[in-house]
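When reading the values below, keep in mind they use all heavy atoms of this one structure, side chains included, and skip hydrogens, waters and symmetry mates. All figures in this text were calculated on a predicted structure; none of them were measured in a lab.
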Amino acid sequence: MTLTQIDPRDLVTAAEAASLMGVTARAVRFWTSKGLLAPVDLGDKGPRLYRIQDVTKAELASRHRKNQYTNAA
């Protein structure tokens, strides 16, 4: 998804995403590395930006995965 396809007001940095979800920026980077969250394609310009909707989905998926591991033990 590119910047022209979404409202810029719906975009946040990793630090802002972390603050919204009550996690660390490291957690947001982890979600990205595990494929749970993808930044908006801005080419090589500026910081990585994420859609708030995608951040919320990644947090829920991460929580679900954590619960699966906890319940399996």
(request) Spell out, as yes or no, whether a donor-acceptor pair under 3.5 Å connects the side chain of S33 to the backbone of F30. (result) yes

(request) Search all heavy atoms of L36 against all heavy atoms of A61 and return the closest pair with its distance. (result) CD2-CB, 4.0 Å

(message) Can you confirm whether L20 sits close enough to V55 that some side-chain heavy atom of one is under 4.5 Å from a side-chain heavy atom of the other?
(response) no

(message) Do T32 and Y50 pair up side chain to side chain, a donor and an acceptor below 3.5 Å, judged on atom types alone?
(response) yes

(message) Restricting to non-hydrogen atoms, name the atom on A38 and the atom on D54 that form the minimum distance, rounded to 0.1 Å.
(response) O-OD2, 4.5 Å

(request) Enumerate the residue pairs fulfilling salt bridge (Lys or Arg N to Asp or Glu O under 4.0 Å) with a member in residues 9-24, sequence neighbours excluded, ordered by first and then second residue. (result) D7-R9

(request) Rounded to the nearest 0.5 Å, what's the gap from CZ on R51 to CG on L37? Could you check? (result) 10.0 Å

(request) Looking only at non-hydrogen atoms, find the nearest pair between A18 and A25 and report the distance. (result) CB-N, 3.5 Å

(request) Step by step, work out the side-chain contact (heavy atoms from CB on, under 4.5 Å) result for W31 and M21. (result) CA-CA 12 Å; W31 297 340; M21 294 298 113; 4.3 Å; yes

(message) Rounded to the nearest 0.5 Å, what separates atom OG1 in T56 from atom CD in Q53?
(response) 8.0 Å

